[in-house]
Amino acid sequence: MTSNIIRVRVARKQSEALDICSFELVALDGPGLPPFSAGSHIDVHLEGGVVRQYSLCNDPTESHRYLIAVLRDPQSRGGSAGMHSLQEGATLEISAPKNHFPLAHEARSSLLLAGGIGITPLLCMAERLAATGAQFDLHYCGRSRERAAFLDRIQRSAFAQQVHLHFDDDDAAQRFDIGARLATWSPGQHLYVCGPKGYMDAVLAAARAHGWPEQQLHYEFFSAGPIDTANDASFEVQVASSGKVIRVGKDQTVIQALAANGVELPYSCEQGVCGTCVTRVLEGEPDHKDMYLSPQEQARNDQFTPCCSRARSARLVLDL
Ligand code: FES
């Protein structure tokens, strides 16, 4: 559930690689679309109430269109299959752009690590960094060349020499050695990573093992791995403004329990990756299950994601 709905039309659908299509979206009402910055995403509302987040991968100076690219996922829960079934001319509802993955403008240099379809926000960032003359390198890792979107766009770009391609099915010499690449870092060097969860986990684990400061790590998960619910138990949440206490059943999310009691929270991904539902916690200890908050943010226990996170304490008092 989101506000600021914008109606758009699919002006162009194009195959970008095996199982990847891009969609050019233009406004249905009025000439232009709200501005965005590199790293932004939009929520796309699909049939059946499915809402998915897709990074914008066109030039942020453009206001006449948004470009997104979508990987067809055989395990699709409705998002990628719904997108791939769309044809040119279809109309959609989307949110205004949001940016939870912005460039750090104080960076002295940037290391961009893309895994597969994770290239979408990072390509936009690379173009932005190149336009400002900033120092950066982009490593683009994937299963094969035929599955890698936007290779032509990269090869035609002014920063092609700063892009390093690594494909699993190519010779061993070009494979990306995460540990070796992240073994050293410098003050002011910022790392950005986006891609499949396993790739991101490996990159972030290596960076943290090598002592990269947390504030120099930037990441955006597309989807979470399976969330372990085996030990979920019921607990209470209290709405601070009204004092109302609501029981969250062991098979319920906090969002569901609140909604059943007339307290509606904004949400989108329902799996702890988008940050839409983040809510302040005034008392109690959350049991964080999201991929959105950093380890430091989680450790502060002053906010949590009620779409998937639970409680270690008997009650959480929420700033609602
Ligand atoms: Fe996306 Fe909760 S709805 S993090």
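Just so you know, ligand 1 is whichever comes first in the structure, and atom 1 is the first atom listed for that ligand.
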Among all protein non-hydrogen atoms, which one is nearest to atom 3 (S) of ligand 1, and what is the separation to 0.1 Å? Ser268 N, 3.2 Å
So, is Cys307 placed with an N/O/S atom under 2.8 Å from atom 2 (Fe) of ligand 1, counting both backbone and side chain? yes
Are there over 12 heavy-atom neighbours, none belonging to [X], within less than 6.0 Å of that residue's [atom1]?
| X | atom1 | answer |
| --- | --- | --- |
| Arg12 | CZ | no |
| Arg108 | CZ | no |
| Arg175 | CZ | yes |

Are Arg247 and Glu236 ion-paired here, with the side-chain N under 4.0 Å from a carboxylate O? yes
Under-4.0 Å salt bridge between Asp168 and Arg147: no
Which atoms of ligand 1 have any heavy atom of [X] under 4.0 Å away?
| X | value |
| --- | --- |
| Val273 | 4 (S) |
| Gly272 | 4 (S) |
| Glu270 | 1 (Fe), 3 (S) |
| Gly275 | 1 (Fe), 4 (S) |

Indicate if the distance from atom 1 (Fe) of ligand 1 to the nearest N, O or S atom of Cys277 falls below 2.8 Å. no
Is any N, O or S atom of Cys274 under 2.8 Å away from atom 1 (Fe) of ligand 1? yes
Which residue is it: Asp290, Asp287, Thr305? I am looking for the one with a side-chain hydrogen bond (donor to acceptor under 3.5 Å, both in side chains) to Gln298. Asp290
